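Structure first, commentary second.
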Amino acid sequence: MYSNGYSKTGRYLFSTITNGITRLQAKFKSLLAARLVKLTLNTDSSRLNVIASLSPEGQNNQLIAEVFPIRGITEDEQKNRPIPNLTDSRHLPVGTPIQFQLTNNESSDLHVNILFIDQNGEITAIFPNNWAQSAAFVQVKAGRTIQIPQLDDPFQIVLQEPKGVVEVLIIASRDPLTKSLKTLQQIASRNGVERGTITISEPLEVINDLLEDFDAGSRDAYKGSVALRPRQVDTTKLAAMSMSFEIV
């Protein structure tokens with residue numbers, strides 16, 4: 001019997017319960033963070049001309065998913081766009097390497113974030129992924145298409161457990177996403193990652209910074225009290241899009 005009055009078994013059970021609560025709190029934070037950023041999705045209202053797609057690595061002609069703001073692309077562009085060759089199923093086995101492609105059809109550079117949310121609500125930053133570089137190196141240049149990962153990147157994006165439906169959030173902004181980028185760089189530095197994806201340990205902090213970045217471009221247009229001003233998203237400056245698939 002321990003001097004504090006409870007047995008070794010009791011201490012073990014207390015520790016197990018505490019650890020379980022901690023894990024639930026972490027999952028709740030992740031799910032809440034994912035919910036917050038999904039509230040900003042504006043594929044139907046954004047005016048940015050940007051297209052994002054997902055395919056098995058090295059198979060860009062076999063798209064798993066494609067998304068773009070409807071109002072960002074003109075009717076003529078929509079009519080003349082080739083019909084994407086989507087795969088018959090969005091069910092991808094564990095171990096499948098995947099690749100994203102993003103095309104910036106705007107006349108100005110865009111700042112981009114790509115976040116991967118798994119079945120448990122855990123959030124991984126897919127892009128940016130070169131954490132030693134400045135903000136200028138995480139842009140997609142005007143009129144350019146990039147692949148993630150690129151051929152010379154020293155990493156792959158390989159699907160892992162948990163199995164289930166996952167969601168990919170793609171954010172493209174005319175304005176720099178400065179605050180969230182700085183936080184992500186700090187996370188990468190703490191984990192010793194210079195190139196590659198990172199799992200976000202404090203998702204609420206990152207998502208809050210991201211929402212503040214969204215909001216920054218709208219501040220000058222608001223004439224009321226800054227303290228009372230609601231957060232806003234300028235649809236001419238920001239596109240927040242989503243695609244999903246299932247890991248089996």
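Quick caveat: nothing in here was measured; it's all calculated off a predicted structure.
Under a 3.5 Å cut-off, the side chain of Gln99 and the backbone N or O of Ser55 do not form any donor-acceptor pair. One N or O on the side chain of Ser46 and one on the backbone of Leu238 form a donor-acceptor pair closer than 3.5 Å. Under a 3.5 Å cut-off, the side chain of Asp118 and the backbone N or O of Asn120 do form a donor-acceptor pair.
A 4.5 Å side-chain heavy-atom check between Ile157 and Pro97 finds every atom pair outside the cut-off. Taking the side chain as every heavy atom from C-beta outward, Leu159 and Phe245 approach each other to under 4.5 Å.
Asn129 and Thr197 are not linked by any side-chain donor-acceptor pair at a separation below 3.5 angstrom, with hydrogens and angles left out of the test.
Legend: salt bridge (Lys or Arg N to Asp or Glu O under 4.0 Å) pairs involving residues 146-171, not counting sequence neighbours, sorted by first then second residue: Lys38-Glu167, Asp153-Arg195. Under the salt bridge (Lys or Arg N to Asp or Glu O under 4.0 Å) criterion, the residue pairs touching residues 92-110 are Glu106-Arg174, Asp109-Lys141, with sequence neighbours excluded. For the salt bridge (Lys or Arg N to Asp or Glu O under 4.0 Å) condition, no pair includes a residue of residues 238-248, sequence neighbours left out.
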Evaluation steps, salt bridge (Lys or Arg N to Asp or Glu O under 4.0 Å), between Lys179 and Asp213: CA-CA 6 Å; Lys179 195 167 186 178; Asp213 285 334; over 6 Å; no

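The distance from the CD atom of Glu122 to the CZ atom of Phe116 is 10.0 Å, given to the nearest 0.5 Å. The line from CD1 of Ile98 to CZ of Phe100 is 4.0 Å long, rounded to the nearest 0.5 Å.
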